[in-house]
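These notes are about the structure you will find just below.
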Amino acid sequence: MKVTIAAIGKMKDASPEAMLLREYIKRLSWKITIKECKDDAGLLAACAGCEKLIALDERGRDMGSRELAAQFSAWQQQGISTLGIAIGGAGGLHKSVRDKAHLLLAFGRATWPHMLVRAMLAEQLYRASTIMDGHPYHRD
């Protein structure tokens, strides 16, 4: 699976969030590309070549890790190999991004700092990949 994470804002390389993000990306067998964008139009442009677009949004579905892994697996079985994931800035995502998304995904009802969401997303991608591979990282 090839995943483009398009996010508004520039993450500081030495931040704790950046260290977590790098750790989980390093663990993944999937090819992950991070594109830092200035605005919502940039998010859409960064994900333009992706077959499916996921928008992280508080109005989205609150999926468990197994459910998210099942969605990725279903897309793979359909021949989907490229995903774009859009993360908005402090003000969230513009309606134009949400409207183009194939999946609106929420990380619970709480509001999370958008830089921390990048690391949380990377962990969930890693967790989903281990579930799909039958690896014991995810425990019930």
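Positions are given from 1 along the sequence. These numbers were taken from a predicted model, which means no experiment stands behind them.
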Task: Test salt bridge (Lys or Arg N to Asp or Glu O under 4.0 Å) applied to Asp40 - qualifying residues, sequence neighbours left out - done: none
Mind checking the [atom1]-[atom2] spacing from [X] to [Y]? Nearest 0.5 Å is all I need.
{"X": "Ile131", "Y": "Glu67", "atom1": "CD1", "atom2": "CD", "answer": "11.0 Å"}
{"X": "Arg127", "Y": "Met132", "atom1": "CZ", "atom2": "CE", "answer": "15.0 Å"}
{"X": "Ile34", "Y": "Leu121", "atom1": "CD1", "atom2": "CG", "answer": "8.5 Å"}
{"X": "Leu68", "Y": "Arg61", "atom1": "CG", "atom2": "CZ", "answer": "9.0 Å"}
{"X": "Leu83", "Y": "Leu103", "atom1": "CG", "atom2": "CG", "answer": "9.5 Å"}
{"X": "Ile87", "Y": "Met115", "atom1": "CD1", "atom2": "CE", "answer": "9.5 Å"}

How far apart are the closest heavy atoms of [X] and [Y], and which atoms are they?
{"X": "Gly88", "Y": "Ile8", "value": "C-CB, 4.1 Å"}
{"X": "Cys37", "Y": "Ala46", "value": "SG-CB, 4.0 Å"}
{"X": "Ala119", "Y": "Tyr24", "value": "O-CD1, 4.4 Å"}
{"X": "Ala106", "Y": "Gly60", "value": "CB-O, 3.5 Å"}
{"X": "Ile80", "Y": "Lys52", "value": "CG2-CG, 3.8 Å"}
{"X": "Val97", "Y": "Leu53", "value": "O-CD2, 4.2 Å"}

Open item on the list: Could you tell me if Gln76 and Ser81 have a donor-acceptor pair between their side chains, going purely by distance under 3.5 Å?
Closed with: no
Would you mind reporting whether [Y] and [X] have side-chain heavy atoms less than 4.5 Å apart?
{"X": "Ile85", "Y": "Leu56", "answer": "yes"}
{"X": "Phe107", "Y": "Glu58", "answer": "no"}
{"X": "Val3", "Y": "Lys31", "answer": "no"}

TODO: Would you mind listing every side-chain hydrogen bond (donor to acceptor under 3.5 Å, both in side chains) that reaches into residues 101-120, with sequence neighbours excluded?
DONE: Glu36-Arg118
Task: Sequence neighbours excluded, every pair satisfying side-chain hydrogen bond (donor to acceptor under 3.5 Å, both in side chains) that has a member inside residues 1-16 - done: Ser15-Glu17
- [ ] Apply the test side-chain contact (heavy atoms from CB on, under 4.5 Å) to residues Lys100 and Ser96: give CA-CA distance (whole Å), side-chain angles for both, the deciding distance (0.1 Å), then the verdict.
- [x] CA-CA 6 Å; Lys100 291 192 183 294; Ser96 62; 5.7 Å; no
- [ ] Kindly determine whether Trp75 and Thr82 satisfy side-chain contact (heavy atoms from CB on, under 4.5 Å), including the steps that lead there.
- [x] CA-CA 9 Å; Trp75 282 339; Thr82 59; over 6 Å; no
Open item on the list: Hydrophobic cluster membership, with links at side-chain heavy-atom distances under 4.5 Å among I/L/V/M/F/W/Y: are Leu43 and Met120 in one?
Closed with: no
Open item on the list: Can you tell me how the ring of Tyr126 sits relative to the ring of Tyr137, calling it parallel under 30°, perpendicular over 60° and tilted otherwise?
Closed with: perpendicular
Open item on the list: Tell me if a side-chain donor or acceptor on Arg98 pairs with a main-chain N or O of Leu93 at a distance below 3.5 Å.
Closed with: yes
- [ ] Would you confirm whether Asp133, through its side chain, and His135, through its main-chain N or O, come within 3.5 Å as a donor-acceptor pair?
- [x] no
Open item on the list: side-chain contact (heavy atoms from CB on, under 4.5 Å) for Leu28 and Leu125? Distances and angles first, verdict last.
Closed with: CA-CA 8 Å; Leu28 271 159; Leu125 293 174; 4.0 Å; yes
